[in-house]
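See structure below.
Side chains included, hydrogens not; waters and symmetry mates left out as well; all remaining heavy atoms used. Below, chains carry the letters A, B, ... as their sequence lines are ordered, and counting in each starts from 1. Just so you know, these numbers come straight off a predicted model, no measurement behind them.
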There are 2 protein chains.
Amino acid sequence: MKFEAFRKSIRLSKEDISRSLLEENRDRIKIKKEKVAVRNLVKILDAALAISNAKGFASMSLRDLSSEAGLSMGALYSYISSKEELLDMIQQQGRTVVARIMSENLSGINEPAEKLQKAIQAHLYLSEVLQPWFYFSYMETKNLPREAHRKAIESELFTEGIFADIIEAGMAKGVFRQVDPRLSAALIKAMLQDWYLKRWKYERRKVTVEEYGEFLMDLVLSYILVSD
Amino acid sequence: MKFEAFRKSIRLSKEDISRSLLEENRDRIKIKKEKVAVRNLVKILDAALAISNAKGFASMSLRDLSSEAGLSMGALYSYISSKEELLDMIQQQGRTVVARIMSENLSGINEPAEKLQKAIQAHLYLSEVLQPWFYFSYMETKNLPREAHRKAIESELFTEGIFADIIEAGMAKGVFRQVDPRLSAALIKAMLQDWYLKRWKYERRKVTVEEYGEFLMDLVLSYILVSD
DNA sequence: CATAAACGAACGGTCGTTCGGTTTTTTCCG
DNA sequence: CGGAAAAAACCGAACGACCGTTCGTTTATG
């Protein structure tokens, strides 16, 4: 599947994401009317990701955020109850989306090589759609409070586990070579991460996400497929 | 070569690093006696890396730093002239070491496969010796002031270029498959980075740096060597 | 006793957060 | 339909805490 087809198939608008985030935090957000709340949440999240990814979450003042989002300090605090909670919200929002999309894209596929390819592609394309979130999530993990930090690590290991499980299944079926599944999965993740962490590099070189995906797939399969 | 042999061969003590850093910044550091200056610079750099890597450079206050290093605020300012300059100093210190060690380890090797292996090993082992610096350097790049940021990117591309050049030479000699050298180099770097960025993961799984190196080498060579 | 080094209180500024007041939108009754 | 009352949303000055940095004083060294 091409990237554009993928992007359309998952139907992830900023409004949808903000709406589900609103529902999950109804108690903390003081705004009553959904339409108003969603509109401003989109602005707040966009601004927060843009500023944080440019200079780090810790260096983003709430005055920066309020002016970039077009809201006063007071209004801002009707949507978030603290700066730290904003961090939590952003992380939580992305994690659920990633888990959902990955499982949707992998269910029903049984052939290991095909499933591995699909998993790589889905993760890569999703990280392209949600690049600001992926970047943010990677860079700010260590600044999370204890419990949120634990969840972030759990989520990282969960994603890695998806790849490791596929590799193990392929080895059991005899279509993959005997390799270390955990280490292989870790390195696949590392290569997937480079796409959203070093995007400036690939943009400059005019490498498209499809080209990157094909290249990565070629490398992984040449390592893992049994050579006859 | 085993890791321990490598570590001994490069002879990189904290004192040596601080001493050369002192020499390059004689004008900015107010302390006259080398012995005193080196001793405290080691403490300052250790503390700065420890705190920064735990909660980010921006979130490290100079009061944190002064208490962790065992110096008063006033004394601290005899060694650095501003917080931003400390950031610069740390970056600069590591960059020169990396460039030197890489070139020392690669000079005189002509066989591409051997050279590629040596380059991967040297980079991996060096990142193990200087793990706090590598981690810091990766995470704080985007917070650097303009000029320092440019240098950091230049250095990243330089290292990538080392790998790309070796791959190109191997392709020209016919010992490597025809692949995209830049993309291959980028992905090798991405996998090297995972070692020092996700160290907690590998430590927990009791993966040694030697095992990681062998695994990575196997993956890269199985992709890049011509199959006969 | 002279010089080098270390000290820590003090300064102006910015931070996250609050809150009393104002504006905008919705509701409802004559 | 119209406009006043009620509710919702927004505003920004003000607060105490903490930040990076300075500097007059004290302590250590040789």
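- Among residue pairs with one or both ends in residues 70-84 of chain B, none qualify as salt bridge (Lys or Arg N to Asp or Glu O under 4.0 Å); sequence neighbours excluded.
- Listed by chain and residue number, nothing satisfies the side-chain hydrogen bond (donor to acceptor under 3.5 Å, both in side chains) test with A:Ser184 (two or more places apart in sequence, or in another chain).
- A:Glu214 pairs by the side-chain hydrogen bond (donor to acceptor under 3.5 Å, both in side chains) definition with nothing, not counting sequence neighbours.
- Regarding A:Tyr77, its OH atom lies at a distance of 18 Å from the C1' atom of C:dG20, rounded to whole Å.
- Axis orientation changes by 10° from one end of the helix from C:dC1-D:dG30 to C:dG30-D:dC1 to the other, with each end axis drawn from 5 pairs and the value rounded to 10°.
- A straight line from CD1 of A:Ile29 to C1' of D:dA9 spans 14 Å, rounded to a whole angstrom.
- Here the P atom of nucleotide C:dC15 and the CD atom of A:Glu84 are 18 Å apart, to the nearest Å.
- For A:Asn143, the side-chain contact (heavy atoms from CB on, under 4.5 Å) partners are A:Glu140, not counting sequence neighbours.
- In terms of the ring-ring contact (aromatic ring centres under 6.0 Å, His included) criterion, A:Tyr138 has no residue partners (sequence neighbours excluded).
- Of the residues in residues 42-59 of chain A, none lies under 4.0 Å from DNA chain C by heavy-atom distance.
- Listed by first and then second residue, the salt bridge (Lys or Arg N to Asp or Glu O under 4.0 Å) pairs that reach into residues 45-74 of chain A are A:Lys14-A:Asp46, A:Lys55-A:Asp64, sequence neighbours excluded.
- Around atom NZ of B:Lys201, more than 12 heavy atoms belonging to other residues, nucleotides or ligands sit under 6.0 Å away.
- Summarising the geometry, the separation between NZ on A:Lys83 and C1' on C:dT18 is reported as 17 Å, rounded to the nearest angstrom.
- Protein atom CD1 of B:Ile80 is 10 Å distant from nucleotide atom C1' of D:dG20, rounded to whole Å.
- A straight line from CG of A:Leu62 to C1' of C:dC15 spans 8 Å, rounded to a whole angstrom.
- For B:Lys30, the side-chain contact (heavy atoms from CB on, under 4.5 Å) test picks out B:Ser78, with sequence neighbours left out.
- Judged as a side-chain contact (heavy atoms from CB on, under 4.5 Å), and not counting sequence neighbours, the contacts of A:Glu128 are A:Phe3, A:Trp195, A:Arg199, A:Val209.
- A donor-acceptor contact closer than 3.5 angstrom is absent between the side chains of B:Tyr212 and B:Asp194.
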Handout entry: Reading 5' to 3' through nucleotides 1-13 of chain C, protein heavy-atom contacts under 4.0 Å coded B for base, S for sugar-phosphate only, - for none
Key = ----SSBB-B---
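- Legend: salt bridge (Lys or Arg N to Asp or Glu O under 4.0 Å) pairs involving residues 90-107 of chain A, not counting sequence neighbours, sorted by first then second residue: A:Arg100-A:Glu104.
- Between the P atom of C:dT14 and the CE atom of A:Met60 lies a distance of 18 Å, rounded to the nearest Å.
- Look at CG on A:Leu22: it is 11 Å from P on D:dA9, rounded to the nearest Å.
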